[in-house]
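Just so you know, these numbers use all the heavy atoms, side chains as well, and skip hydrogens, waters and symmetry mates.
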Amino acid sequence: MNRVRLRRSSPSIARSAAAWSAMTLVALALVALLFPLTTFAADDSALYVVQLRSAPSVAEYTGGIAGYPATAAVARFFNAAGRLFRRRPRINFRGSAVRAFQQFLKRQQEQVARDVSLAANKLLYSYTHVSNGFAASLTAMQARQLERHPDVLSVTRSRVIRRFTSASPAFLQLPPSLWAAAGGQSSAGEDVVVGIIDTGIWPEHKSFANDSAHVYGKPPARWAGGCTVTSDFPATACNGKIVGARAYYSGFKRENRNRLDSSANYVSPRDDDGHGTWCAGAAAGNGGLVLGNSLGTASGMAPRARIAVYKVFWNDGQYVWATDADINAAINQAVADGVDVLSLSLGAEDPTATYFSDLPYLNAVAAGVVVAFAAGNAGTPWQGGSKYRTVDNFAPWYITVGASTISRGYSMTAKSVTLSSSSSSSSSVAIRSASAAAKETSSQNTTATETPPAAATAATASSSSGRGNASAGVATVHESMASVRAFMSGSLTTAATRSTPEAPLIASFSSTGPLVPPSANPAAPKPTNDILKPDIIAPGVELWSAGPGQYLGDPNSYFTPLSGTSMATPHVAGVAALLVQRYPAWTPAMVMSAIMTSAAVSNNKGFGIRDSSSEFASPWQMGAGHVNPTGLLDVGLVYDADALDFKNFLAGQNSAKAKAAFKGVALKAMKAYNLNRPAISVTRFVGTVVVTREVTNVGNATSNYKADLVVPDGVKVTVKPSAFSIGPNATVPFNVTIVANRTGSTAFSYGSLTWRDEWGHAVRSVLVVQPLKLK
């Protein structure tokens, strides 16, 4: 950040006091005109997030400090048919033990701040629930002092965070699957709380109504959240459907020269952008809402789930962005409030990020929260991306979601329409060419368009869910607010005919792996390709969901189409909410496993899923495949992992840093490929590698499973045991031995391991290998 600093004049220059006074007054007057007072800083301070190592967070603390009982919810076990089975951990954040330990952590933080002459009231945030640390403005000297402090784990400059910006429930076949299992749409997601960390919400929208068609009672008894009430966000906004609404802007304001423009922002949880409202509607919006003009009805994935919003994005007059400091505060509060699922359609696009950057999310998972993260919108490297690793959120403890199309298209004949050269004009309808549509990379589908002609009549327009139309001379309707209004009202078209294009297709903007270039050979890659990312793909192209009310038309009935991995993420978050409702004892890792092992790898035409260049997609583009709710009703087996497993994984990545981060924890360094995830990736290996896994039977009967292998090129693969019998709630370990039988190549090859039983279960794990040479 550029700052203006006033320096004293040199005393060696002889001038009269009167002359200096006059000149000084003139100079100060000019400076005051050129630079607002708020841009001055008395020092070189900047916003930092400081993590302490002296004690763990509430979600991590297992005891050992005199006078403070354990607060962590270590995964509980229950006895079922004589066997032990892990249960989803839950923490009572309202309990006296938690409150006492929070005060202990805050006193530690204040002492560390005093050690570098930082007053306690200068701390912007104190983090205690899923991290132990604080956010504060620090001078360069204070930052260096804290880095050397024995109680400090890390001092990180707060990053700028960006957003990654309907027919999808039917495409995902939710009505006959998870909705039916929950008792129908009117019960799907009942009393599960989905947290949305984003741009806020437009609470009056009918997607969030508590009315005669959608009746909600009091929030679940365990819910501890609340709502920030302001002049533009009344208490009635938290109506039972919306059970929590908070706003965090201290970090943004500090990084924006101490300014938060109320003319560009609602300084409240109210959405002034639309992104957060869209995501909330997609994840958990009310069901059965009519869109009109042949578009059918709208519904969230979990239409009866409750919604808690945490607004962290703000407009600086030109861009909308957030800070780590505000997001960390939101995460801590969301977990303490009691959310079951967190949806985050955002990312830092930080090439220096490591797994340790995402420790707060690890602790959220340790507290029993399922976390879904957008993969990013940087596109596939071999399709023109500027970096090799484009996927933005890559830690193994949360679900990373890429974007795909759905099988919905519209062809229409437009009435005579006058087009202006400005697509933002309320009286214009922007039409872009098919080539421009095919190149679309914006998370909100509103940039990189061609300038429309001055006028057009009876133009034919079509939408084929993100790929454009390959036919010459056929235009595609661009999702400007004007065209949306015209299309929704019916004034744009005389007829609309549905089509069913090939789907899903990988969206061209969806970020991908590999996480490090295959030709690189770093000693400790950060991140490692032995963790496959993204994990899953979901609908994220030209999908309709709730829009904010400041747009023209009925402010509480407005729907808008957007594209991006931002849009895909709440789909998976909503599906996760349905799983939490159906299987409340499942850990977040079990939910992730079910979503991945049941994923679809074929499209609606019966072929393998392809990318936007019509090439068959690899696991680095689609992870395990496309989210498939019909396969989630009875998955058979799951791969489970707890916080200690993830910490052992981190010890294998960086032992010294893991020991510092998890003080007092007995760590056992683990190879990344041995983390008990539902995908197996073994890269840059020589000779033979033995991979360990274990599966837990979540079915109701004893099953006999056999391994079904699709062996990747360049290796031999064996599974031991290749068959086993497993009772309900029992766990069986197995090994996968991979032997290289080729050399001289750094190429990846792909296969799968599927466990099949007599009941029809098919538990599929994608297999990625990259052998370098023979033993």
Taking atom types as modelled and ignoring hydrogens, do the side chains of Thr683 and Asn529 form a donor-acceptor contact shorter than 3.5 angstrom? no

Salt bridge or not between Lys647 and Asp645? Use side-chain N to carboxylate O under 4.0 Å. no

Who passes side-chain hydrogen bond (donor to acceptor under 3.5 Å, both in side chains) against Arg94, sequence neighbours left out? none

Scan Asp340, Asp191, Asp337 and name whichever one has a side chain to side chain donor-acceptor pair (under 3.5 Å) with Arg222. Asp340

Donor-acceptor check, side chain of Arg306 to backbone of Gly240, threshold 3.5 angstrom: yes or no? yes

Could I get the full list of ring-ring contact (aromatic ring centres under 6.0 Å, His included) partners for Phe373, not counting sequence neighbours? Tyr361, Tyr398

Residues Val769, Tyr750; criterion side chain to side chain contact (heavy atoms under 4.5 Å, CB included); working and verdict: CA-CA 6 Å; Val769 299; Tyr750 312 106; over 6 Å; no

Partners meeting ring-ring contact (aromatic ring centres under 6.0 Å, His included) with Phe724 (sequence neighbours left out): Tyr705, Trp755

With sequence neighbours excluded, give me every side chain to side chain donor-acceptor pair (under 3.5 Å) pair touching residues 716-726. Asn704-Ser725

For Ser593, give me all partners under side-chain hydrogen bond (donor to acceptor under 3.5 Å, both in side chains), at least two apart in sequence or on another chain. none

Using the test side-chain hydrogen bond (donor to acceptor under 3.5 Å, both in side chains), find all partners of Thr692 that sit at least two apart in sequence or belong to another chain. Asn674

Using modelled atom types and a 3.5 Å cut-off, is there a donor and acceptor pairing between side-chain atoms of Asn332 and backbone atoms of Val130? yes

